[in-house]
Amino acid sequence: MSIYDSLNEQQQKGVFTTEGPVLILAGAGSGKTRVLTHRAVYLIEELGVNPYNIMAITFTNKAAGEMKERIENMVGYGSESIWVTTFHSTCVRILRRYIDRLGYGTNFTIYDADDQKSLMKDICKRLGIDTKIHKERMFLSVISSAKDELIDPVEFETRAAGDYNKRRQAEVYKEYQRVLRQNNALDFDDLIFKTVELFKQDKEVLNSYQERFKYIMVDEYQDTNTAQFELIRLLAMKYKNLCVVGDDDQSIYKFRGANIYNILNFEKHFPEATVIKLEQNYRSTQNILDAANGVIANNVGRKDKVLWTDNGEGDKICFEQLESGYEEADYVTRDILRKVRNGGYNYKDCAILYRTNAQSRLFEERFIVSNIPYKIFGGVNFYSRKEIKDLLAYLKTIDNGQDDLAVKRIINVPKRGIGAASINKVINYAMEQDISFYHALRMAGEIPGLGKAAEKIRSFVLFIQSMRARIDSGYSLSRLMQEILETTGYLAELEAEGTDEAEERIQNIDELISKITAYEEEEEQPTLSGFLEEVALVADIDEFDETNDYVALMTLHSAKGLEFPNVYLAGMEDGLFPSYMSISSDDSLTELEEERRLAYVGITRAKEHLTITAARSRMIRGDMHFNRVSRFVMEIPKHLIGGEIYEPKAAERPIQDTPFQKAKKAFRTAAASYIPVTNQREFESANTQKNSLEYQVGDRVRHIKFGDGEVMAIVAGGRDYEVTVDFDKTGTRKMFASFAKLKKI
DNA sequence: GGTTTGAAACTTTTT
DNA sequence: GTTTCAAACC
């Protein structure tokens, strides 16, 4: 009995076909990670391949970490030298070693989206481009797609030919790259682009990596873009032992440059390729799979696959159309409470998936009131918070004064009395002398017209220099951070503020310090650059953690690769999902197919139970929208659905109502009670206080989350009371007595 | 140089 | 409904 006996025939074929190119088409939940890990183990244990010669590439750190752990558990000794990482960290590792051959310093910094935006703003200003008409974002996305397609500024200019708009974009692109190089910085796309450039330019480097990575595996292959494909192609060219695993039906990153033809045409690129299909699903029930199959079958030009399972039919899929987004959130909240109380589920078994991050708010509000533990993924990344970025900018400046952006960010944070006027003088001086911003700061004494600001700049420079000296004399990173917080007065300023917001910022800073400490503990040779690098490449979903008991809220995009026993697909409305952008696009056929794949990803996240919800009306950016049920719901075979679809003549209804209908409906919605009692028995079980309240208007009460406050109003509605409380800290809130569990004090 | 206020934009998805 | 940005004011 070997470990490979537990695999099915197709999976075994994927594991044992080690030589030559292999394409594994792996449907959702078909055990592709198992195949990849077993394949690595097979190579090491049965074929005697040195782990050092194996590379596995994934898209997220989380996926990489999991794979690495699973391999380590099976192989034990020696597996740590196997290279399991993301595309981006692979490239950083290579570039840190060799990028000097392209004229960059090996201590380059990595710019995130924020950095890119402020850089672009500078450039537009300098080139006299009105950002009211031509958005920075537009230029950035043009440049990003160019890099994904491996088009450099020169080539871009050639292709622009006589097109005035494109010529301007070419000019911006060129300038953007110039400044990046001057700052010794790379953006995310550069990481891939420059590695490919390095490989093409330097055969010696390419050859050394080809020799090293004799066996290459790529996960989520359907999401690779042209540049990533080229990177892999170059590496695999010599030994051709390339195994890619993916599912064309789960390709959802076209907007980010993913090229679906990388997977659809794999056999054209590698004619000798072995193709293996994994269609047996180990995750979901047959009903869920049939629903997913029914939806995805509407796409054309896909590799034909039909998922099946041994797991049995399972529950029907629930569908509920609610009056509003509020009711939708309420419905889901109650359903979760019910399933946790008597359905044998934990909070962590439940996930709410939605199309846009903005949808999380309503659920969050409901969860706070109902005391349901939850965690929202996506949205504002931890490392994008202001205080964190400020402190990282200090670290970057200490690490590498070449990064003008970081220096400019903190030169007057906290306030040192160095204002915009003085900073502009320094910027001009730096440009004239062709030196970095920080270099110019060091020469502040020689810059004309600075006046008393020069002295302030001097003490800032002295501070940075002294911090550098500390690093050189062996200070730990966490101690350095503490020192920065104290000496600059950053922490003191926040403490003095005393607001809730400041309190939250301080907590985030504490969290940053513990992340620094954790880094120092796990790394053998912790360095400042090393920490900054690790931080630059983390995604929010990497923080996903199965051990805590909370409901997970995330976008459909973030949910890829995850699974939950009980899944809610919320906001299934035409115009929201599929998004209005995709419906009205010039290329709506293609874009709708991508949205449909997203729906397929969402449905297949569910293991046991799937609930689909939609709202008749929804506030979007302050406007009321009336959407019909998502076309994707209509594509699910009717007999699989337990709820009722309330949309008899969907095809006849306009997506947007006329102003008159709109007004009428808005009135009707407003007139309806805020949260109707849909299921009386269930409601009563949630209602712990029945008809009597221990407090009345004017009483002081205590809420478990919001603290103390005064009761302003109590309104009876149905069996419950709607209580308005003016909290000392958070202001006035309305809540239902049965959920809020207010205590009189 | 710093603070306050009001308008305007934003929302599709992110390594 | 929220956040960001600029202009006006102190």
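Numbered from 1 within each chain, the chains take letters A, B, ... in sequence-line order.
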A.B. asks: Starting the side chain at C-beta, find the nucleotide from B:dT15, C:dG1, B:dT14 nearest to A:Ser558.
C.D. replies: B:dT14

A.B. asks: Of the listed nucleotides (B:dT11, B:dT14, B:dT12), which one gets closest to any side-chain atom of A:Tyr253?
C.D. replies: B:dT14

A.B. asks: Looking only at side chains, do A:Tyr253 and A:Asn225 share a donor and an acceptor under 3.5 Å apart?
C.D. replies: no

A.B. asks: Identify the pairs formed between an N or O of the protein and an N or O of nucleotides 1-6 of chain B at a distance under 3.5 Å, and give each distance.
C.D. replies:
unit_1, atom_1, unit_2, atom_2, d
B:dG1, OP1, A:Ser422, OG, 3.1

A.B. asks: I'd like to know if the side chain of A:Tyr173 pairs up with that of A:Asp152 as donor and acceptor (distance under 3.5 Å, no hydrogens or angles considered).
C.D. replies: no

A.B. asks: Determine: side-chain N/O of A:Asn357 to OP1/OP2 of B:dT13, distance under 4.0 Å, yes or no.
C.D. replies: yes

A.B. asks: Once you apply a heavy-atom cut-off of 4.0 Å, does A:Phe255 come out as touching a base, just sugar-phosphate, or nothing?
C.D. replies: base

A.B. asks: Would you please indicate if the ring centroids of A:Phe255 and A:His557 are separated by under 6.0 Å?
C.D. replies: yes

A.B. asks: Taking the same atom, P, in B:dT13 and in C:dT4, what whole-Å distance lies between them?
C.D. replies: 15 Å

A.B. asks: Which residue, A:Gln228 or A:Met581, contacts DNA chain B at a nucleotide closer to its 5' end, judged by nearest heavy atom?
C.D. replies: A:Met581

A.B. asks: Which of these nucleotides, C:dA6, B:dT14, B:dC10, is closest to any side-chain atom of A:Arg137?
C.D. replies: B:dC10

A.B. asks: Less than 6.0 Å separating the ring centroids of A:Phe363 and A:Tyr374?
C.D. replies: no

A.B. asks: Going by side chain to side chain contact (heavy atoms under 4.5 Å, CB included), name the residues that satisfy it together with A:Ala444, two or more places apart in sequence or in a different chain.
C.D. replies: A:Leu450, A:Ile457

A.B. asks: What residues form a side chain to side chain donor-acceptor pair (under 3.5 Å) with A:Arg409, not counting sequence neighbours?
C.D. replies: A:Asp390

A.B. asks: Ignoring the backbone of A:Thr555, work out which of B:dT15, B:dT11, B:dT14 is nearest its side chain.
C.D. replies: B:dT14

A.B. asks: Once you round it to whole Å, what is the distance between P of B:dT12 and NE2 of A:His557?
C.D. replies: 12 Å

A.B. asks: Please evaluate the base of B:dT15 for a donor-acceptor partner in the side chain of A:His88 within a cut-off of under 3.5 Å?
C.D. replies: yes

A.B. asks: Rounded to the nearest angstrom, tell me the gap between atom NZ in A:Lys117 and atom P in C:dT3.
C.D. replies: 14 Å

A.B. asks: Of the options B:dT14, C:dA6, B:dT12, whose atoms approach the side-chain atoms of A:Lys121 most closely?
C.D. replies: C:dA6

A.B. asks: Atom CG of A:Leu362 and atom P of C:dT2: how far apart are they, to the nearest Å?
C.D. replies: 11 Å

A.B. asks: In plain terms, say whether A:Arg618 and A:Glu573 are close enough for a salt bridge, that is, a side-chain N and a carboxylate O under 4.0 Å apart.
C.D. replies: yes

